Amino acid sequence: AFAELGYKVSGSDAGVYPPMSTFLEDKGITLLNGFDASHITDDVDLYIVGNAMSRGNPEVEALLEQKRPFVSMPDLLEREILQGRRNFVVTGTHGKTTTTSLLAWLFESAGKSPSFLIGGVPANFAQGARFQDKKTSDIVVLEGDEYDTAFFDKRSKFFHYLPEVVVMNNMEFDHADIFEDLDAIKLSFSRMLRLVPRNGCVFANGDDENVLSVARGQEHTQVVTVGLSADCDRRIEDIDYGADGSSFTIAGERYTVPMAGEYNVRNAAMAVVSGLFGGLTSGEIATGLATFKGIKRRMELRGEERGVKVVDDFAHHPTALKQAIEAVKQRYPGSKVWALFEPRSNTASQNFFQEDFVQSLLGADVAVVADVADKDKFGDDVRLDAGKVVEDINAAGTRAILAADANAIVEQVVPEAKEGDVLAVFSNGGFGGIHGKLLDALKS
């Protein structure tokens, strides 16, 4: 995105592979494979340090020793893109990418040509980020991540986003490597909301007590609640779920979005109220919602062989996992749904949600759970017991299978899968290339 604005951009990463490598090279970006102090040279005006970088990295150490100018990416956005603009920041434990993509597309569909930063790849756009010249558009739609900014700035990224509008989808404990508990997450959100100006707005999930406990404490900011309950300022009503999408009414208008699941109705409703605040008409919003094409890794159909569908989804938190399974069953009514789950994130690999994962996976027809991949990372007292998860699911009446890894899952599932079944893969990582392996095995 910065390259398109005329900046000369290069960068380093531990592994540079297609398709991302070819995408960046097509944009004229120089890629350096691996990290080396020799990459730090005096002909660079500014270095951007990603939040995955830490002390001990050879390039980080060279930056510090040579006193080179560096910033975090959120800080760079604040300085170069966000000042003086109308910034719509979408936050929450779940639904950020979908809601951000929806809202960006509503503005784009209406001809407003927004800038945007999305933590995924929306099908309606060729890329996940675009920064327009201010003369082209003063609207910026950003996914507001609560994860920390950089090794030298431990505030959440969204502190840098100068919000006019904040969407608060929901709030649960997550990111165990960053936050000690839910109260620490609430504190971070509360501090960020203090940056919303008087002429801005916070759209808060009126059905989420954690969200309300944070939003209610704002004295100088307009807060509008959005949800299903009768006391919400903007109530979502008359929801109708179909195989091809979901319809609902909010603010007196009827809308349809081509996605399944209550959580996606909530995401769409947040996009609607934010779009109205941004000056869009209900007709423009209805057109935008109806033409939304979705996001990669969110209920994405990766292929079909022998009448068996393989669906990919990013869900890895128990609430998101439960909702995603429900949405798959809505999208493919009458199908046998296999939930193939990889507990991979720092939070999912620990036993914070030992019982919650059991409840989430009970909604599947068959649950297949991969063992924690990096067992040495966590001690026996804190690591998720995947075997116990499977045992408890079976005891509750739903069939469950424990598998060592992706290859073992393929070996166990493919011989049993029948025409009409849906193999729904849930992971926030690559899961050992399981999607392609399933399709190849089904084909052969």
Side-chain angles (χ1 to χ4, degrees), residues 1-36 38-41 43-53 57 59 63 70-82 85 96-98 100-109 111-137 139-143 145 150 157 288 291-298 300-303 312 314 427-431 433 435-436 439:
F2 277 99
E4 291 172 343
L5 290 176
Y7 294 88
K8 184 178 180 180
V9 180
S10 64
S12 304
D13 203 350
V16 183
Y17 309 105
M20 184 54 69
S21 60
T22 51
F23 172 81
L24 294 173
E25 287 165 353
D26 289 344
K27 299 291 184 182
I29 296 171
T30 301
L31 304 179
L32 304 172
N33 204 344
F35 298 105
D36 194 287
S38 65
H39 295 164
I40 307 302
T41 57
D43 60 344
V44 176
D45 295 314
L46 185 65
Y47 287 91
I48 297 92
V49 180
N51 77 329
M53 300 299 98
N57 178 286
E59 294 187 20
L63 279 177
F70 66 88
V71 295
S72 66
M73 177 57 77
D75 189 26
L76 181 68
L77 292 173
E78 181 179 1
R79 295 185 191 188
E80 299 294 329
I81 303 296
L82 303 180
R85 302 205 189 191
K96 292 188 294 293
T97 301
T98 299
T100 308
S101 301
L102 275 166
L103 183 55
W105 176 242
L106 294 186
F107 284 121
E108 178 78 0
S109 174
K112 305 302 181 184
S113 195
S115 298
F116 55 83
L117 178 65
I118 301 167
V121 182
N124 291 91
F125 297 101
Q127 56 206 57
R130 181 180 74 187
F131 302 137
Q132 304 280 40
D133 181 272
K134 192 177 293 186
K135 295 178 182 178
T136 301
S137 178
I139 293 172
V140 187
V141 184
L142 305 106
E143 182 169 334
D145 190 356
K157 294 177 185 176
T291 54
F292 183 66
K293 297 178 181 178
I295 310 158
K296 285 186 179 297
R297 304 219 63 200
R298 270 66 175 184
E300 179 186 5
L301 179 62
R302 293 290 293 269
D312 183 27
F314 193 71
S427 171
N428 70 331
F431 205 164
H435 315 86
L439 291 168

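Note that the structure is a prediction, hence the values are computed from the model and not measured.
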Between Leu76 and Leu46, does a side chain to side chain contact (heavy atoms under 4.5 Å, CB included) hold up when you go through it step by step? CA-CA 10 Å; Leu76 181 68; Leu46 185 65; 3.8 Å; yes

Between Glu300 and Arg302, is there a donor-acceptor pair closer than 3.5 Å when you use the side chain of the first and the backbone of the second?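 Judged by distance alone, no pair lies under 3.5 Å.
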
Are the side chain of Asn124 and the backbone N or O of Thr291 linked by a donor-acceptor pair below 3.5 Å?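 Such a contact is found between Asn124 side chain and Thr291 backbone.
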
Euclidean distance, [Y] [atom2] relative to [X] [atom1], rounded to 0.5 Å:
X      : Y      : atom1 : atom2 : value
Phe107 : Ser113 : CZ    : OG    : 12.0 Å
Ser427 : Asp312 : OG    : CG    : 8.0 Å
Lys112 : Leu106 : NZ    : CG    : 12.0 Å
Glu59  : Ser38  : CD    : OG    : 8.0 Å
Asp133 : Leu5   : CG    : CG    : 7.5 Å
His39  : Thr30  : NE2   : OG1   : 11.5 Å

So, do [X] and [Y] sit near enough that their side-chain heavy atoms are less than 4.5 Å apart?
X      : Y      : value
Leu31  : Glu25  : yes
Glu143 : Ser101 : no
Ile48  : Val71  : yes

Report yes or no: do Thr98 and Arg298 form a side-chain donor-acceptor pair below 3.5 Å?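 On atom types as modelled, these side chains do not qualify, holding no pair under 3.5 Å.
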
Side-chain H-bond candidate by donor/acceptor type, Gln132 with Ser137, under 3.5 Å: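 Looking only at side-chain atoms, Ser137 and Gln132 do not form any donor-acceptor pair under 3.5 Å.
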
Which atom of [X] lies closest to which atom of [Y], heavy atoms considered:
X      : Y      : answer
Gly303 : Leu439 : C-CD2, 3.6 Å
Pro122 : Gly128 : CD-CA, 4.2 Å
Ala150 : Ser72  : CB-CB, 4.0 Å
Thr97  : Gly119 : OG1-O, 3.6 Å
Lys27  : Gln127 : NZ-OE1, 3.2 Å

Could you tell me whether Tyr7 and Phe2 have their ring centroids closer than 6.0 angstrom?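 Centroid separation for Tyr7 and Phe2: below 6.0 Å.
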
Aromatic contact, Phe116 with Phe131 (centres under 6.0 Å):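 Judged by ring-centre distance (under 6.0 Å), Phe116 and Phe131 do not meet the cut-off.
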
Side chain to side chain contact (heavy atoms under 4.5 Å, CB included), that's the test. Do Phe125 and Glu108 meet it? Break it down for me. CA-CA 10 Å; Phe125 297 101; Glu108 178 78 0; 3.7 Å; yes

Does atom NZ (Lys293) have a neighbourhood of more than 12 heavy atoms from anything else shown, all under 6.0 Å?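 For Lys293, atom NZ is not crowded (no more than 12 foreign heavy atoms under 6.0 Å).
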
Around atom CG of Asp45, are there more than 12 heavy atoms of other residues, nucleotides or ligands at under 6.0 Å?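 Atom CG in Asp45 is not crowded, with 12 or fewer foreign heavy atoms closer than 6.0 Å.
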
Test side chain to side chain contact (heavy atoms under 4.5 Å, CB included) applied to Leu77 and Leu117, step by step: CA-CA 10 Å; Leu77 292 173; Leu117 178 65; 3.4 Å; yes

Please test Thr100 against Leu142 for side chain to side chain contact (heavy atoms under 4.5 Å, CB included), starting from the C-alpha separation and ending with a verdict. CA-CA 6 Å; Thr100 308; Leu142 305 106; 5.7 Å; no

Between Arg130 and Glu4, is there a side-chain N and carboxylate O pair less than 4.0 Å apart?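 No salt bridge links Arg130 with Glu4.
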
